[in-house]
Amino acid sequence: MPDSEDNSPDTGNREGMPVLKSEEFAVRRQSLKKMAKFVAVTSPAVLGLLQSKRALAASGE
Amino acid sequence: MASEAPAGADPLDDHAVCMADAARRRGIATEVIFATSWPLSRPKRPWLRLNVSADAYYYRSGRVLRSGRDGGLGRTLNGPAHILTRNKQRTKEVLARAGFPVPPGRMFKIGALDQALVYAAEFPGELCVKPNRGGKGDLVFPRLRDADSILEACLAVAGGYEEVLVEASVPGEVWRYFYVHPHIVAVKHSRPACVVGDGMTSVSGLIDLKNAERERRGVVGHFLIPRGPTLAAMLARQGLSLESVVPEGCRVFLQSASNGALGADSISGTQGLHPGYGQQVEAACRAIPGLLVAGIDTVIRNPSQPPSNENFWILEINSSPGVLPYHYPWEGAPQDVCGEIVALLERLAAA
(Lines give C-alpha, C1' and ligand atoms only; values in the text may rest on other atoms or scores of the structure.)
Protein backbone atom coordinates (compact mmCIF):
# COMPACT_ATOMS: atom_id res chain seq x y z
CA MET A 1 0.00 0.00 0.00
CA PRO A 2 1.52 3.36 -0.94
CA ASP A 3 2.44 5.79 1.78
CA SER A 4 -0.39 8.30 2.23
CA GLU A 5 1.45 10.82 4.41
CA ASP A 6 1.69 13.31 1.57
CA ASN A 7 -2.02 13.21 0.81
CA SER A 8 -3.99 16.15 2.08
CA PRO A 9 -6.60 16.20 4.84
CA ASP A 10 -10.26 16.62 3.95
CA THR A 11 -11.25 20.24 3.76
CA GLY A 12 -14.30 22.34 2.99
CA ASN A 13 -17.93 22.64 3.93
CA ARG A 14 -20.48 19.96 3.04
CA GLU A 15 -23.54 22.06 3.80
CA GLY A 16 -25.94 22.40 0.92
CA MET A 17 -24.33 19.63 -1.13
CA PRO A 18 -26.81 17.62 -3.21
CA VAL A 19 -26.46 13.87 -2.68
CA LEU A 20 -27.06 10.90 -4.96
CA LYS A 21 -30.13 8.71 -4.49
CA SER A 22 -29.35 6.00 -1.94
CA GLU A 23 -29.53 3.22 -4.54
CA GLU A 24 -27.21 5.00 -6.97
CA PHE A 25 -24.82 5.82 -4.14
CA ALA A 26 -24.73 2.19 -2.92
CA VAL A 27 -23.91 0.86 -6.41
CA ARG A 28 -21.21 3.46 -6.95
CA ARG A 29 -19.73 2.89 -3.51
CA GLN A 30 -19.44 -0.85 -4.05
CA SER A 31 -17.92 -0.45 -7.53
CA LEU A 32 -15.38 2.12 -6.39
CA LYS A 33 -14.26 -0.06 -3.48
CA LYS A 34 -13.69 -2.98 -5.86
CA MET A 35 -11.82 -0.69 -8.24
CA ALA A 36 -9.69 0.62 -5.38
CA LYS A 37 -8.55 -2.91 -4.49
CA PHE A 38 -7.66 -3.58 -8.11
CA VAL A 39 -5.86 -0.27 -8.53
CA ALA A 40 -3.86 -0.85 -5.33
CA VAL A 41 -2.32 -3.92 -6.97
CA THR A 42 -1.95 -2.66 -10.52
CA SER A 43 -1.41 1.09 -10.22
CA PRO A 44 2.41 1.21 -10.54
CA ALA A 45 2.26 -0.58 -13.89
CA VAL A 46 -0.79 1.36 -15.08
CA LEU A 47 0.68 4.71 -14.06
CA GLY A 48 3.96 3.88 -15.77
CA LEU A 49 2.05 3.10 -18.96
CA LEU A 50 -0.07 6.27 -18.76
CA GLN A 51 2.91 8.50 -18.14
CA SER A 52 4.89 6.87 -20.94
CA LYS A 53 1.99 7.53 -23.32
CA ARG A 54 1.83 11.15 -22.18
CA ALA A 55 5.60 11.62 -22.57
CA LEU A 56 5.48 10.05 -26.01
CA ALA A 57 2.61 12.32 -27.06
CA ALA A 58 4.46 15.38 -25.76
CA SER A 59 7.57 14.44 -27.72
CA GLY A 60 5.48 14.35 -30.90
CA GLU A 61 6.46 10.78 -31.78
CA MET B 1 16.75 46.70 -23.29
CA ALA B 2 14.81 45.65 -26.40
CA SER B 3 16.19 42.41 -27.76
CA GLU B 4 16.20 41.11 -31.27
CA ALA B 5 13.66 38.43 -32.10
CA PRO B 6 15.31 35.02 -32.48
CA ALA B 7 14.61 33.26 -35.76
CA GLY B 8 11.20 31.59 -35.66
CA ALA B 9 10.25 33.27 -32.39
CA ASP B 10 6.60 33.35 -31.31
CA PRO B 11 4.76 36.67 -31.64
CA LEU B 12 3.64 38.51 -28.51
CA ASP B 13 0.63 36.65 -27.08
CA ASP B 14 -2.87 38.19 -27.25
CA HIS B 15 -2.95 38.93 -23.49
CA ALA B 16 0.28 40.90 -23.79
CA VAL B 17 -0.98 42.76 -26.86
CA CYS B 18 -4.00 43.79 -24.78
CA MET B 19 -1.71 44.90 -21.95
CA ALA B 20 0.47 46.92 -24.36
CA ASP B 21 -2.64 48.76 -25.53
CA ALA B 22 -3.63 49.55 -21.92
CA ALA B 23 -0.12 50.84 -21.19
CA ARG B 24 -0.15 53.01 -24.31
CA ARG B 25 -3.49 54.53 -23.25
CA ARG B 26 -1.94 55.51 -19.91
CA GLY B 27 1.24 56.88 -21.46
CA ILE B 28 3.45 54.01 -20.25
CA ALA B 29 6.31 53.11 -22.58
CA THR B 30 6.60 49.44 -23.56
CA GLU B 31 8.93 47.26 -25.58
CA VAL B 32 9.20 43.59 -26.42
CA ILE B 33 12.13 41.55 -25.19
CA PHE B 34 12.97 37.90 -25.80
CA ALA B 35 13.98 36.08 -22.65
CA THR B 36 13.44 32.99 -20.52
CA SER B 37 11.90 33.17 -17.06
CA TRP B 38 13.78 30.02 -16.06
CA PRO B 39 17.51 29.88 -16.78
CA LEU B 40 17.46 26.43 -18.37
CA SER B 41 14.24 26.81 -20.34
CA ARG B 42 14.44 27.26 -24.08
CA PRO B 43 13.59 28.80 -26.43
CA LYS B 44 13.41 32.49 -25.55
CA ARG B 45 9.87 33.86 -25.46
CA PRO B 46 8.56 37.37 -26.12
CA TRP B 47 7.74 39.39 -22.97
CA LEU B 48 6.18 42.83 -22.81
CA ARG B 49 8.34 45.19 -20.78
CA LEU B 50 6.51 48.09 -19.16
CA ASN B 51 8.71 51.01 -18.13
CA VAL B 52 6.82 52.55 -15.21
CA SER B 53 8.65 55.58 -13.79
CA ALA B 54 12.06 54.26 -12.71
CA ASP B 55 10.81 50.64 -12.44
CA ALA B 56 10.23 47.97 -15.02
CA TYR B 57 7.71 45.13 -15.06
CA TYR B 58 7.28 42.27 -17.48
CA TYR B 59 4.10 40.65 -18.74
CA ARG B 60 3.29 37.54 -20.73
CA SER B 61 0.16 35.29 -20.86
CA GLY B 62 -1.29 36.48 -17.55
CA ARG B 63 2.01 36.54 -15.64
CA VAL B 64 3.35 39.80 -14.22
CA LEU B 65 7.00 39.82 -13.18
CA ARG B 66 9.07 42.41 -11.41
CA SER B 67 12.38 43.48 -12.88
CA GLY B 68 15.42 41.54 -11.70
CA ARG B 69 18.63 43.14 -10.39
CA ASP B 70 20.11 43.02 -13.88
CA GLY B 71 17.01 44.69 -15.35
CA GLY B 72 15.81 41.43 -16.90
CA LEU B 73 13.00 39.12 -15.81
CA GLY B 74 12.65 38.98 -12.03
CA ARG B 75 10.25 37.44 -9.54
CA THR B 76 6.52 37.17 -9.99
CA LEU B 77 4.55 40.18 -8.78
CA ASN B 78 2.44 37.90 -6.56
CA GLY B 79 5.51 36.64 -4.67
CA PRO B 80 4.71 33.78 -2.25
CA ALA B 81 1.04 33.85 -3.24
CA HIS B 82 2.03 32.54 -6.68
CA ILE B 83 3.58 29.44 -5.16
CA LEU B 84 0.60 28.87 -2.85
CA THR B 85 -2.08 29.27 -5.50
CA ARG B 86 -0.44 26.82 -7.90
CA ASN B 87 -1.45 24.19 -5.30
CA LYS B 88 -5.25 24.19 -5.44
CA GLN B 89 -5.81 22.04 -2.36
CA ARG B 90 -3.34 24.00 -0.25
CA THR B 91 -5.07 27.24 -1.30
CA LYS B 92 -8.43 25.76 -0.29
CA GLU B 93 -7.02 24.83 3.12
CA VAL B 94 -5.81 28.40 3.68
CA LEU B 95 -9.17 29.83 2.60
CA ALA B 96 -11.15 27.35 4.73
CA ARG B 97 -9.07 28.21 7.81
CA ALA B 98 -9.82 31.88 7.18
CA GLY B 99 -13.55 31.09 7.12
CA PHE B 100 -14.26 31.16 3.38
CA PRO B 101 -16.39 28.43 1.76
CA VAL B 102 -14.58 25.94 -0.49
CA PRO B 103 -15.72 22.60 -1.94
CA PRO B 104 -14.97 19.64 0.32
CA GLY B 105 -12.27 17.42 -1.07
CA ARG B 106 -8.83 15.85 -0.74
CA MET B 107 -5.63 15.69 -2.74
CA PHE B 108 -3.91 12.36 -3.42
CA LYS B 109 -0.48 11.57 -4.80
CA ILE B 110 -0.89 9.42 -7.90
CA GLY B 111 0.81 6.55 -6.11
CA ALA B 112 -2.21 6.51 -3.80
CA LEU B 113 -4.94 6.35 -6.45
CA ASP B 114 -6.58 3.47 -4.60
CA GLN B 115 -7.08 5.76 -1.62
CA ALA B 116 -8.56 8.40 -3.90
CA LEU B 117 -11.12 5.83 -5.04
CA VAL B 118 -11.88 4.78 -1.46
CA TYR B 119 -12.42 8.45 -0.59
CA ALA B 120 -14.67 8.88 -3.64
CA ALA B 121 -16.62 5.76 -2.63
CA GLU B 122 -17.67 7.37 0.64
CA PHE B 123 -18.53 10.71 -0.95
CA PRO B 124 -22.30 11.13 -1.18
CA GLY B 125 -22.67 13.45 -4.19
CA GLU B 126 -21.37 14.34 -7.64
CA LEU B 127 -17.59 14.63 -7.82
CA CYS B 128 -15.05 16.73 -9.65
CA VAL B 129 -11.65 15.16 -10.42
CA LYS B 130 -8.83 17.41 -11.60
CA PRO B 131 -5.07 17.94 -11.34
CA ASN B 132 -3.99 19.67 -8.13
CA ARG B 133 -1.59 21.83 -10.11
CA GLY B 134 -3.28 22.07 -13.50
CA GLY B 135 -4.50 25.08 -15.43
CA LYS B 136 -6.66 26.27 -18.34
CA GLY B 137 -9.21 23.52 -17.73
CA ASP B 138 -6.75 20.74 -18.58
CA LEU B 139 -8.10 17.36 -17.45
CA VAL B 140 -10.87 18.81 -15.29
CA PHE B 141 -13.79 16.39 -14.95
CA PRO B 142 -16.78 17.95 -13.16
CA ARG B 143 -20.18 16.41 -12.44
CA LEU B 144 -19.05 12.78 -12.19
CA ARG B 145 -21.78 10.45 -10.94
CA ASP B 146 -20.81 6.85 -11.69
CA ALA B 147 -17.84 4.71 -10.70
CA ASP B 148 -16.53 4.18 -14.24
CA SER B 149 -16.38 7.92 -14.93
CA ILE B 150 -14.60 8.56 -11.65
CA LEU B 151 -12.00 5.86 -12.33
CA GLU B 152 -11.43 7.08 -15.88
CA ALA B 153 -11.01 10.66 -14.67
CA CYS B 154 -8.52 9.65 -11.96
CA LEU B 155 -6.47 7.63 -14.45
CA ALA B 156 -6.52 10.47 -17.00
CA VAL B 157 -5.24 12.97 -14.42
CA ALA B 158 -2.66 10.48 -13.15
CA GLY B 159 -1.36 10.15 -16.71
CA GLY B 160 -0.35 13.78 -16.78
CA TYR B 161 0.16 15.03 -13.24
CA GLU B 162 1.60 13.96 -9.90
CA GLU B 163 -1.40 14.88 -7.73
CA VAL B 164 -5.11 14.22 -8.15
CA LEU B 165 -7.74 16.40 -6.50
CA VAL B 166 -11.04 14.69 -5.67
CA GLU B 167 -13.67 17.14 -4.51
CA ALA B 168 -17.38 17.85 -4.52
CA SER B 169 -18.76 19.07 -7.82
CA VAL B 170 -20.64 21.99 -6.36
CA PRO B 171 -23.95 23.04 -7.92
CA GLY B 172 -24.48 26.43 -9.47
CA GLU B 173 -23.18 28.95 -11.99
CA VAL B 174 -19.49 29.71 -12.47
CA TRP B 175 -18.64 33.36 -11.81
CA ARG B 176 -15.09 34.63 -12.26
CA TYR B 177 -13.79 37.65 -10.40
CA PHE B 178 -10.69 39.63 -11.29
CA TYR B 179 -8.74 41.06 -8.35
CA VAL B 180 -6.20 43.85 -8.57
CA HIS B 181 -5.10 44.75 -5.08
CA PRO B 182 -6.93 45.91 -3.08
CA HIS B 183 -10.24 45.52 -4.97
CA ILE B 184 -12.27 43.32 -7.27
CA VAL B 185 -12.14 45.19 -10.58
CA ALA B 186 -14.16 42.96 -12.90
CA VAL B 187 -16.71 40.13 -12.84
CA LYS B 188 -17.94 37.76 -15.49
CA HIS B 189 -20.22 34.77 -15.71
CA SER B 190 -18.78 31.78 -17.56
CA ARG B 191 -21.52 29.82 -19.29
CA PRO B 192 -20.48 26.35 -20.49
CA ALA B 193 -20.82 25.64 -24.20
CA CYS B 194 -24.52 25.57 -25.03
CA VAL B 195 -27.12 26.05 -27.75
CA VAL B 196 -30.71 27.26 -27.56
CA GLY B 197 -33.41 25.24 -29.31
CA ASP B 198 -35.68 26.62 -32.04
CA GLY B 199 -38.08 23.69 -32.20
CA MET B 200 -36.89 22.73 -35.69
CA THR B 201 -33.12 22.31 -35.87
CA SER B 202 -31.24 19.32 -34.41
CA VAL B 203 -28.66 19.83 -31.67
CA SER B 204 -25.97 19.07 -34.24
CA GLY B 205 -27.37 21.75 -36.54
CA LEU B 206 -27.56 24.25 -33.68
CA ILE B 207 -23.89 23.59 -32.88
CA ASP B 208 -23.00 24.24 -36.53
CA LEU B 209 -24.94 27.52 -36.44
CA LYS B 210 -23.31 28.66 -33.20
CA ASN B 211 -19.84 27.72 -34.43
CA ALA B 212 -20.49 29.66 -37.64
CA GLU B 213 -21.46 32.67 -35.50
CA ARG B 214 -18.27 32.25 -33.47
CA GLU B 215 -16.18 32.19 -36.64
CA ARG B 216 -18.01 35.22 -38.04
CA ARG B 217 -17.72 37.32 -34.88
CA GLY B 218 -14.17 36.17 -34.09
CA VAL B 219 -14.42 37.21 -30.44
CA VAL B 220 -10.95 36.72 -28.98
CA GLY B 221 -10.69 33.75 -26.58
CA HIS B 222 -13.96 32.17 -27.73
CA PHE B 223 -13.14 28.93 -29.50
CA LEU B 224 -15.44 26.65 -31.50
CA ILE B 225 -17.61 24.21 -29.57
CA PRO B 226 -15.70 20.92 -29.74
CA ARG B 227 -17.38 17.67 -30.74
CA GLY B 228 -16.38 14.27 -29.44
CA PRO B 229 -17.05 11.77 -26.66
CA THR B 230 -17.42 14.43 -23.94
CA LEU B 231 -20.18 16.13 -25.93
CA ALA B 232 -21.95 12.82 -26.58
CA ALA B 233 -21.76 11.89 -22.88
CA MET B 234 -23.09 15.29 -21.82
CA LEU B 235 -26.05 14.99 -24.20
CA ALA B 236 -26.75 11.41 -23.11
CA ARG B 237 -26.91 12.59 -19.50
CA GLN B 238 -29.74 14.91 -20.53
CA GLY B 239 -31.50 12.17 -22.52
CA LEU B 240 -30.48 13.78 -25.82
CA SER B 241 -28.33 13.04 -28.86
CA LEU B 242 -26.91 15.12 -31.70
CA GLU B 243 -30.05 14.35 -33.69
CA SER B 244 -32.47 15.57 -31.00
CA VAL B 245 -34.67 18.59 -31.68
CA VAL B 246 -35.37 20.61 -28.55
CA PRO B 247 -38.23 23.07 -27.97
CA GLU B 248 -37.85 26.74 -28.82
CA GLY B 249 -36.01 28.63 -26.07
CA CYS B 250 -34.72 25.47 -24.35
CA ARG B 251 -31.01 25.80 -23.55
CA VAL B 252 -28.94 22.62 -23.97
CA PHE B 253 -25.56 22.48 -22.25
CA LEU B 254 -22.84 20.72 -24.23
CA GLN B 255 -19.91 20.69 -21.78
CA SER B 256 -19.63 20.64 -18.00
CA ALA B 257 -16.50 22.79 -17.78
CA SER B 258 -16.74 26.50 -18.52
CA ASN B 259 -13.42 27.23 -20.22
CA GLY B 260 -13.19 29.30 -23.38
CA ALA B 261 -11.18 26.55 -25.05
CA LEU B 262 -14.22 24.27 -24.61
CA GLY B 263 -16.63 26.66 -26.28
CA ALA B 264 -17.85 28.51 -23.18
CA ASP B 265 -19.34 32.01 -23.39
CA SER B 266 -17.98 34.88 -21.29
CA ILE B 267 -20.76 37.15 -20.11
CA SER B 268 -19.47 40.40 -18.74
CA GLY B 269 -20.91 42.22 -15.75
CA THR B 270 -22.79 41.69 -12.53
CA GLN B 271 -26.41 41.64 -13.71
CA GLY B 272 -28.47 39.82 -11.09
CA LEU B 273 -25.46 39.14 -8.89
CA HIS B 274 -25.68 40.00 -5.19
CA PRO B 275 -22.82 42.36 -4.20
CA GLY B 276 -22.08 40.25 -1.11
CA TYR B 277 -20.18 37.71 -3.22
CA GLY B 278 -17.73 40.31 -4.49
CA GLN B 279 -17.13 41.49 -0.94
CA GLN B 280 -16.40 37.89 0.18
CA VAL B 281 -14.04 37.26 -2.75
CA GLU B 282 -12.22 40.53 -2.11
CA ALA B 283 -11.76 39.59 1.55
CA ALA B 284 -10.52 36.13 0.54
CA CYS B 285 -7.89 37.65 -1.75
CA ARG B 286 -6.69 39.93 1.02
CA ALA B 287 -6.31 36.83 3.23
CA ILE B 288 -3.63 35.46 0.85
CA PRO B 289 -0.31 37.14 1.74
CA GLY B 290 1.32 38.86 -1.21
CA LEU B 291 -1.55 38.42 -3.65
CA LEU B 292 -1.77 41.47 -5.93
CA VAL B 293 -3.30 40.23 -9.20
CA ALA B 294 -5.58 37.19 -9.45
CA GLY B 295 -8.54 35.55 -11.10
CA ILE B 296 -10.94 33.85 -8.72
CA ASP B 297 -13.27 31.05 -9.82
CA THR B 298 -16.43 30.70 -7.77
CA VAL B 299 -19.66 28.74 -8.00
CA ILE B 300 -22.85 30.48 -6.90
CA ARG B 301 -26.14 28.64 -6.62
CA ASN B 302 -28.55 31.56 -6.25
CA PRO B 303 -26.70 34.64 -7.55
CA SER B 304 -29.45 37.07 -6.58
CA GLN B 305 -29.48 35.87 -2.95
CA PRO B 306 -26.83 36.91 -0.39
CA PRO B 307 -23.92 34.51 0.12
CA SER B 308 -24.15 31.67 2.62
CA ASN B 309 -22.22 28.47 3.28
CA GLU B 310 -24.82 26.57 1.29
CA ASN B 311 -24.86 28.52 -1.95
CA PHE B 312 -21.34 29.81 -2.61
CA TRP B 313 -17.92 28.22 -2.96
CA ILE B 314 -14.49 29.51 -4.00
CA LEU B 315 -13.06 26.88 -6.36
CA GLU B 316 -9.58 28.22 -6.94
CA ILE B 317 -7.41 31.31 -7.25
CA ASN B 318 -5.30 31.80 -10.37
CA SER B 319 -2.33 34.08 -9.85
CA SER B 320 -1.58 34.27 -13.60
CA PRO B 321 -5.07 35.08 -14.82
CA GLY B 322 -5.91 35.60 -18.47
CA VAL B 323 -7.33 39.00 -19.34
CA LEU B 324 -8.91 38.43 -22.76
CA PRO B 325 -12.42 37.27 -21.72
CA TYR B 326 -12.86 40.52 -19.75
CA HIS B 327 -11.78 42.72 -22.65
CA TYR B 328 -13.56 40.61 -25.27
CA PRO B 329 -16.77 39.17 -23.78
CA TRP B 330 -19.32 37.20 -25.78
CA GLU B 331 -22.05 39.32 -24.17
CA GLY B 332 -21.89 42.54 -22.16
CA ALA B 333 -19.49 45.46 -21.96
CA PRO B 334 -15.69 45.11 -22.01
CA GLN B 335 -13.98 45.48 -18.62
CA ASP B 336 -10.53 47.10 -18.64
CA VAL B 337 -8.60 44.77 -16.32
CA CYS B 338 -5.31 45.55 -18.11
CA GLY B 339 -5.81 49.23 -17.32
CA GLU B 340 -6.35 48.31 -13.67
CA ILE B 341 -3.11 46.25 -13.64
CA VAL B 342 -1.15 49.11 -15.21
CA ALA B 343 -2.61 51.48 -12.58
CA LEU B 344 -1.44 49.08 -9.85
CA LEU B 345 2.08 49.04 -11.34
CA GLU B 346 2.06 52.84 -11.32
CA ARG B 347 1.07 52.83 -7.62
CA LEU B 348 3.80 50.29 -6.81
CA ALA B 349 6.42 52.29 -8.72
CA ALA B 350 5.42 55.48 -6.91
CA ALA B 351 5.46 53.88 -3.43
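Predicted, not measured: the structure shown is a model, and the values here were computed from it.
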Is the CZ atom of B:Arg191 crowded by more than 12 outside heavy atoms at less than 6.0 Å? yes
Side chain, backbone, both or neither: which part of B:Leu165 has an atom under 4.5 Å from a heavy atom of chain A? neither
Go through the atoms of B:Arg145 and report whether side chain, backbone, both or neither lie under 4.5 Å from a heavy atom of chain A. both
Name all residues meeting the side-chain hydrogen bond (donor to acceptor under 3.5 Å, both in side chains) criterion together with B:Thr85; count only those two or more places apart in sequence or in a different chain, and write none if there are none. B:Ser319
Return the OG to CG distance between A:Ser31 and B:Asp148, rounded to the nearest 0.5 Å. 7.0 Å
Inter-residue atom distance B:Glu122.CD - A:Arg28.CZ, 0.5 Å rounding: 10.0 Å
Minimal non-hydrogen separation, B:Phe123 against A:Phe25, with atom names: O-CE1, 3.2 Å
At a 4.5 Å cut-off on heavy atoms, which part of B:Ile314 comes close to chain A: side chain, backbone, both, or neither? neither
A:Glu24 portion near chain B, given a 4.5 angstrom heavy-atom threshold: side chain
With B:Tyr277, which residues qualify under ring-ring contact (aromatic ring centres under 6.0 Å, His included), at least two apart? B:Phe312
Heavy-atom closest pair (B:Asp114 atom, A:Ala36 atom, distance to 0.1 Å) is CB-O, 3.2 Å
As an exercise, state the distance from CG of B:Leu117 to CE of A:Met35, rounded to the nearest 0.5 Å. 7.5 Å
Once you round to the nearest 0.5 Å, how far does CG of B:Leu127 lie from CG of A:Leu32? 8.0 Å
Taken to the nearest 0.5 Å, the spacing of A:Phe38 CZ from B:Leu151 CG works out to 9.0 Å
One option among B:Leu95, B:Val118, B:Leu155 has the most heavy-atom pairs under 4.5 Å with chain A, and it is B:Leu155
What pair of heavy atoms forms the shortest contact from B:Ala121 to A:Arg29, and how long is it? O-CG, 3.3 Å
